[in-house]
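This chain uses plain numbering: 1 for the first residue, then up along the sequence. Computed from heavy atoms alone, side chains included, the values below leave out hydrogens, waters and symmetry copies. Both ligands and their constituent atoms are indexed starting at 1 by order of listing. Only a predicted model underlies this, so the values are computations on that prediction, with no experimental measurement involved.
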Amino acid sequence: MKKSDLTSRQWDILQMYEISDFEDCVRLYPFRYEIIQATDETMLLPNSGITIEGTITSAISTVRYQKNRSVTRFTLCTAYDCYTVTAFNRPWFKAAIEQRATVIGRYEGKGRITASSIIFKPLAQIEGVYPVYPLKEGIRQSDIRKIMQKVLTKHSDQIHDIIPPSMIRKYKLLHRQEALKKLHLPVSQADVNEATRSLKYEEFLRFQMSLHLKGKSMHSVHKVPKSVDRQKIRRFCESLPFRLTADQQMAVTDILDDLASEKPMVRLLQGDVGSGKTIVSAIAMAATADCGYQAAMMAPTEILVSQHVASLKKFFHEQNYNIEGLTSSLSAQEKNRISKGLRDGTVDIVIGTHALFQSGVEFKHLGLVITDEQHRFGVSQRRALIEKGKDVDVLTMSATPIPRTLAAALFADMDVSTITTMPTGRSKVKTVLIEENSMRTILDDLLDAIRDGNQVYVVCPAIEESDALSMRNVTDIYRSLQKVIGSKVRMAMLHGQLSSEEKERIMSGFHQRNIDMLVTTTVIEVGVHVESANIMVIYDAHRFGLSQLHQLRGRIGRGGKQGICYLLSSQSDPDSRARLLTLVESNDGFEIALKDLSLRGPGDLLGKRQSGLPHFILGDIVADQNILLTAKEDAVFIAENQHILEYATFVKMILKSNNDINLAVD
Ligand code: ADP
Ligand code: MG
């Protein structure tokens with residue numbers, strides 16, 4: 001794209017969007033459309049949109065009130081009826097009697113309209129479908145529309161098909177030029193539908209192809225099969241205080257088969273919070289250690305590391321595995337001792353935070369890498385660990401479970417094991433929505449519960465642990481709670497910026513029930529297990545993703561007692577309320593993850609990061625599942641038929657642009 005192709009203002013606008021070529025330009029997609037269309041007046045319903053053209057038959061009356069507010073009224077008559085039109089804050093509005101005007105707004109009932117725009121043009125001239133783009137400061141919708149108009153008419157020869165021609169024919173898709181024209185310059189809703197159908201398929205096919213190629217390159221590696229001692233594992237399972245559920249059993253079988261195969265394992269283990277993923281991963285580590293390899297597990301926080309070490313030591317109290325926890329807060333001496341053990345092979349199982357992939361850490365014979373809560377780690381970090389050994393199998397665990405078929409389509413580069421049933425004896429957390437951002441109404445209940453021996457988490461929004469603003473929230477709330485109930489309740493504050501020793505000290509104080517109430521950020525989100533913590537209060541609940549809230553409340557009600565989670569939110573808009581009510585009504589992590597996905601609008605990067613799921617611009621993972629599944633099959637087919645030129649061309653293009661597609665977990 002050259003500067004001379006556009007006006008200098010248009011050029012500047014594209015700079016603001018960091019767009020430097022036609023391709024990026026046409027991929028600035030509208031996020032919705034505005035439809036201007038004459039309303040059928042015989043079918044008018046109160047409180048619905050209205051667009052009509054008519055004649056102004058009264059004088060314009062404008063009344064000013066307060067400082068700079070005003071209300072303007074006039075009568076507009078169509079062939080069918082006369083209406084009283086009201087418009088707010090347009091003191092400058094003037095029109096002559098008998099003048100024709102088009103009014104767009106809301107029909108209030110009883111012949112009254114509240115106008116959002118009044119245009120002195122025939123309706124036929126403005127009728128149509130208008131794309132609405134994400135705007136930046138000082139830019140108008142019409143600016144972007146004009147740019148698209150220019151690019152798609154004058155420079156459309158620069159836009160080429162991406163989808164293989166046979167797929168275009170098979171699904172009767174639009175060619176790319178035409179699809180983009182209909183997306184950006186639609187004449188009707190049908191144009192938009194046709195365009196998005198084609199472009200969604202393109203988006204999904206590119207994603208699936210890219211994933212398939214990555215998966216294949218991982219699977220093409222060979223490793224020495226591990227000689228898994230299934231007898232020993234069976235005996236170990238029999239020694240556990242509980243029986244594995246059927247799903248856990250199946251996951252274990254999947255994993256043992258993978259370890260024993262000469263293909264490296266690349267598997268996702270997904271299951272709701274509390275579904276028992278830890279024991280499955282423990283068995284995988286035991287099986288690995290049994291055949292002389294080392295197993296490493298990464299966890300996102302130090303708290304989790306020490307907790308995992310403790311539960312593994314409990315599981316394996318009769319086995320003599322050497323289990324260590326490695327975090328950056330250990331003394332240099334301790335770190336050296338563990339590093340030495342990893343190098344000479346005396347450490348069998350290691351649990352660690354990011355400290356695990358520092359370059360100084362070497363393994364004698366690493367055979368298994370497990371990552372807990374996949375979305376906390378990027379692909380490159382995982383790869384760093386995998387590359388620390390020759391025969392490494394990889395297991396990733398996720399607590400944002402989605403239905404099997406969908407998971408298989410979205411994580412096509414991995415095999416997926418899913419735990420759908422919960423171990424028996426876990427009671428559901430009761431969730432209550434409090435529609436104000438204050439604990440005022442529940443404080444007495446909390447004090448009663450604490451008197452009965454329960455512990456309480458108070459969670460404050462912190463999107464990043466280092467977010468200065470959110471930190472202040474924790475501090476502020478802690479301080480004000482101190483003032484109100486500090487004399488009756490033993491309180492502590494926990495967040496990511498405390499030193500490791502401090503965090504450790506507070507967490508173990510909470511574990512030992514020396515602390516009744518923990519005011520905290522989301523550092524407790526994943527995995528933390530304290531049995532008498534039965535109550536959770538979440539401030540500004542609307543600022544969290546649904547799956548994240550579900551994770552958070554998974555921390556309570558773990559000791560068999562009823563857990564209660566209070567969601568505080570002063571956000572009164574119906575959408576946000578409906579979202580939070582999902583959690584009141586459902587305890588099913590699968591359902592919640594899906595709801596989260598279908599409610600989340602495009603461009604919600606926060607949601608994407610929280611769920612670890614891929615993000616599409618046009619396609620909706622839930623609503624467009626069929627297209628997604630079709631694209632997955634087609635990607636496999638294309639990979640297998642690369643002797644055909646059109647498929648080879650497509651694969652080559654994907655390999656080339658593999659980096660610019662927004663892949664799952666980085
Ligand atoms: P998550 O999947 O969230 O990581 P955990 O592995 O922490 O869940 O398991 C939650 C609790 O359930 C733990 O206390 C664990 O010991 C227990 N548990 C796991 N599997 C079973 C089972 N089959 N029967 C009973 N309790 C189980
Ligand atoms: Mg867990």
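Minimum interatomic distance between Gln270 and Thr400 (heavy atoms only, all atoms of both residues): OE1-O, 3.9 Å.
Of the candidates Ala246, Gly276, Ser275, it is Gly276 that places a heavy atom closest to atom 19 (C) of ligand 1. For the residues Ser281, Pro423, Gly589, the heavy atom positioned nearest atom 25 (C) of ligand 1 is part of Pro423.
Pairs of residues two or more places apart, or lying in two chains, that qualify as ring pair (Phe, Tyr, Trp, His ring centres under 6.0 Å) and include a residue from residues 233-256 are Phe236-Phe316.
Under the 4.0 angstrom criterion for non-hydrogen atoms, Gly271 is not in contact with ligand 1.
At a 4.0 Å heavy-atom cut-off, ligand 1 touches Asp272 through the backbone alone. Contact annotation: for Thr278 versus ligand 1, heavy atoms closer than 4.0 Å belong to both the backbone and the side chain. Residue Arg243 touches ligand 1 through its backbone alone, judged by heavy-atom distances below 4.0 Å.
Side-chain contact of Asn322 with Thr346: a donor-acceptor pair under 3.5 Å is absent, judged by distance alone.
Comment: Lys263 does not engage Asp258 in a salt bridge, judged by the lack of any side-chain N to carboxylate O separation of less than 4.0 angstrom. Electrostatic pairing of Glu435 and Arg577 counts as a salt bridge here, judged by a charged N lying under 4.0 Å from a carboxylate O. Classification of Lys561 and Glu531 as a salt-bridged pair fails, no side-chain N sitting under 4.0 Å from a carboxylate O.
Distances below 4.0 Å separate heavy atoms of Thr245 from the following atoms of ligand 1: 23 (N). Within ligand 1, the atoms closer than 4.0 Å to a non-hydrogen atom of Val273 are 3 (O), numbered from 1 in the order shown.
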